[in-house]
Amino acid sequence: MNSWALLGVGFLAQGLFSARFLIQLVKSEKAGKVLSPVIFWQLSLAASFLLLVYGTFRQDVVIVGGQLVGYFIYIRNLKIKNAWQLFPKWLRWSFILLPLVFLGYLVLHAQYDFRSLVHNPEISGMLLTWGTLGQVIFTTRFVVQWLDSERSKESQFPVSFWYISLVGAVLIASYAILRKDSVLFIGQAFGILVYVRNLMIHFGTGNAEKLSFLDRIKSMRMGLLLVFTAMVLFFNLGAYSVTESSEARYAQIAKEMVETGDWLHPQLMGIYHYHKPPMTYWLTAISYKVMGISPFSARFLLQISVLFQIWLVYKIALIFFRRSNPAFLSAMLYASFPALIISSRALTTDSFLALFVLVALYFWFTFSEKRIGYKLILCYAFLGIGFLTKGPVVLIVPLLIWIYQGLVMKQKMGSYKLHLAGIALMLGIGLSWFVFLQTEDDRFLNYFLFKHTIDRFATDTFHRGQPFWFYGAVMLVTAFPWVIILLKKIPIKRADFTKQGALLVMWVLLPLLFFSLSQSKLVLYILPLYSGLAIGAIYYWEKLSDTQQKIWERWQLGFHLLLLVALVSVPLIEPKVTLNYKFYFIWFVVISLLLALQKVDIRKADRAVISAFIFTMGLTGMSTYFMSQNPGLTNDTRRVTEWITQNEPATKEVIIYNKRLPSVLFNSDLDMISVFDGDESLNRETQFQQNEKWKAGLINLQSDSTWIIEKAPNHSIWISKKKLPYLNGIGSWEELQLVDGWRIVQFHRED
């Protein structure tokens, strides 16, 4: 069998194993007691048979032998449940005889080195014993289940089954951590949650009411959502280095802030960088101080920011709905938007800005509800912090909401004196850094106000121009079908404009129109709109009929399956893309869970959101392997600097030709010279420099064309994406290595 097809069989089996426990848990939650559903044993049998096929073609007698015990227990449970007879006779005999044929073939013909099991040079004896013990304990759980079912003449899960499963899973998960096997850990971590929850159901009080799955776990669902999301967000977070260009800039600026001790004058490669206020740099620098400088540290607080955002969406939704179930669905839906996850994968200002906007809105809505003065003051305080994060853009969403509430909905906005006090506090916080720099150099106000605020909105100064419909397309792709469900409810009648749902529509629509008018567009600029989208979509989702919800759910499932198929098809279109088996493992698990959900008795209103959440969490896990395996496509220079430090250890300084690569500085202790030869990214703003030391690190080859021949260090190491300049026979280039599309070259000057 083809190796890829064989790998697919193995992953499909693992996906079915995951799906069976998801279905079992949800059915148990709904019933209020631990169940042993027929579909659990059917999926177990199918998955085990696939693993037997996989093990046979791999000529792995351990896999085949290990599966046989559980395999026949699954058949016995189906017999006890009178479900075995539902299979056609020929299929029943095939299920019974083929595994024995597989085992006989392996024992008699396959060559297998049993000694390798206990003499693996990559695993210590103690660690091997630990992992083996976990597997043995894990296998015995179904023997215990079978014996108990035989005694009771009923297929069921005794409480000892869950205890044994939990002990085995903890042993195997700890083994996976020590082995740094993330795939094995993912499978066991999911299992631990299932086993613990089944124990809680077993010892909990029975509930005869027909409650939804989410209602049954009401007391813990928000905590579970945050814990599971955190596990996914932090999973493999440092597996790839900072990527060019935005993330590398922010990460390196914070690094230089720590190294220089100057927290008020952000610097990039030794040149002042005032494009953004410093809050993101400060937060990242604090993370470096606590955990050291690394890609994980650079992204750490982004994950915390996302978790707080999810919680804040829940709290704000509670104010709108006054019921916890739609509030929870809003939070889960917000967590399922890919735009939110994208903001956590690479260091920029957008996630922090969205957080501060949400905090401000939370205090505003609580003030509007209870008229507690300090809530309004806190609203303005966090707007001030947001101003220190990305400037006046922090005001766009709150201001448009306030204008709509005051002018259209005729809501009372509170005491103007209280607002004036809040505005004074906001300006005091938000303008503090700007005022400090303006006192040092009176050109700064003009620089930031016009070049980085007005020009950024009105012109394409920063080459980020996109058509007017750009953000509409982005929201459609990243929030399908929820953005359609919301925007279909744009108010038309005069009476509709004053309703609560209209405010949620305008939370999205008005800022969307504003940002669409801007000449500078990036995907994450509209991140603060997704919180309103999540709450508003659930608001109208609950008003749809079961039939309408089913139609939208099918559209979403089809869209997700189409994207998942497209993902695994990428290597066929672009051969440079590398996807490892861990990527495919998560892919199969996600596919299995999405399809399994369709067979689970969950309310359609809940299932569509849960499905969206599983899809996005799966994408998040897969993305870490894509990023780490394809540094050439993601502009990660980690392997470039690794090659230089390993193969040219005497190198203290590298020269970058016609590119700005702060990631090289971040990934190494090398000094760096940038050589400008027309690339716009190297047009640095140097008007605030207090001396000309920066010129030693930034060479303008177009105004100093002889620099390479006359001044470049002989035998220096250069990094270039394109062909280097012709040297007219006075010097030569020696290409040392091509790494991820970057040419590592040594310069030789002729004597």
Side-chain angles (χ1 to χ4, degrees), residues 240-253 255-256 259 267-271 273 293-295 298 346 576 627-684 694-702 704-727 730-749:
Y240 54 98
S241 188
V242 295
T243 56
E244 297 288 348
S245 59
S246 296
E247 182 180 39
R249 286 201 309 270
Y250 283 97
Q252 178 58 24
I253 289 169
K255 179 181 179 181
E256 292 184 37
E259 291 176 342
Q267 299 178 57
L268 176 62
M269 300 158 66
I271 297 174
H273 193 85
I293 297 171
S294 69
K576 293 181 181 178
M627 298 292 285
S628 61
Q629 292 293 309
N630 297 277
L633 298 175
T634 59
N635 291 320
D636 176 356
T637 62
R638 167 178 46 90
R639 294 203 294 217
V640 176
T641 54
E642 285 177 354
W643 190 93
I644 293 173
T645 54
Q646 291 173 6
N647 295 276
E648 299 290 334
T651 302
K652 302 298 180 186
E653 177 183 72
V654 293
I655 302 175
I656 313 296
Y657 175 69
N658 211 28
K659 286 290 180 183
R660 181 174 63 181
L661 292 182
S663 59
V664 170
L665 283 179
F666 184 86
N667 289 325
S668 68
D669 295 324
L670 298 169
D671 293 326
M672 194 168 88
I673 296 175
S674 300
V675 174
F676 171 76
D677 197 13
D679 189 274
E680 290 294 326
S681 68
L682 281 168
N683 277 327
R684 304 297 303 278
W694 60 272
K695 290 186 176 181
L698 179 57
I699 308 301
N700 189 336
L701 204 60
Q702 295 188 339
D704 188 1
S705 59
T706 62
W707 183 85
I708 297 178
I709 300 301
E710 296 179 357
K711 301 174 185 177
N714 197 16
H715 305 296
S716 51
I717 301 297
W718 290 58
I719 299 174
S720 172
K721 201 78 169 180
K722 299 179 180 179
K723 187 176 181 180
L724 289 157
Y726 180 62
L727 300 177
I730 303 175
S732 62
W733 303 107
E734 177 190 358
E735 184 159 326
L736 303 177
Q737 189 70 25
L738 182 67
V739 180
D740 296 328
W742 292 98
R743 300 173 63 216
I744 304 175
V745 180
Q746 191 169 48
F747 167 67
H748 299 284
R749 182 181 291 108

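Hydrogens, waters and symmetry mates are skipped; everything else that's a heavy atom, side chains included, is used.
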Between [X] and [Y] (side chain of the first, backbone of the second, donor and acceptor by atom type, cut-off under 3.5 Å), is there such a pair?
X: Glu256; Y: Gly270; answer: yes
X: Gln737; Y: Ile744; answer: no
X: Arg749; Y: Ile709; answer: yes
X: Lys255; Y: Leu665; answer: yes
X: Asp677; Y: Asn658; answer: no

So do [Y] and [X] actually touch side chain to side chain, heavy atoms under 4.5 Å?
X: Leu701; Y: Pro725; result: yes
X: Arg684; Y: Met269; result: yes
X: Leu670; Y: Ile717; result: no
X: Asp636; Y: Asp740; result: no
X: His715; Y: His748; result: yes
X: Asn683; Y: Phe676; result: yes

Can you measure from [atom1] ([X]) to [atom2] ([Y]) and round to the nearest 0.5 angstrom?
X: Leu724; Y: Trp718; atom1: CG; atom2: CH2; answer: 6.5 Å
X: Ile699; Y: Tyr657; atom1: CD1; atom2: OH; answer: 13.5 Å
X: Asn635; Y: Met627; atom1: CG; atom2: CE; answer: 9.0 Å

task = Measure up the Phe747 and Trp733 rings against each other and bin them: parallel (under 30°), tilted (30 to 60°), perpendicular (over 60°).
result = tilted
inquiry  = Applying side-chain hydrogen bond (donor to acceptor under 3.5 Å, both in side chains) to Ser663 and Thr637, what does each step give before you reach the verdict?
reply    = CA-CA 6 Å; Ser663 59; Thr637 62; 2.8 Å; yes
NZ/NE/NH1/NH2 to OD/OE distance under 4.0 Å, Lys652 and Asp671 = no
key: Derivation and outcome, side-chain contact (heavy atoms from CB on, under 4.5 Å), residues Asn630 and Tyr240   = CA-CA 9 Å; Asn630 297 277; Tyr240 54 98; over 6 Å; no
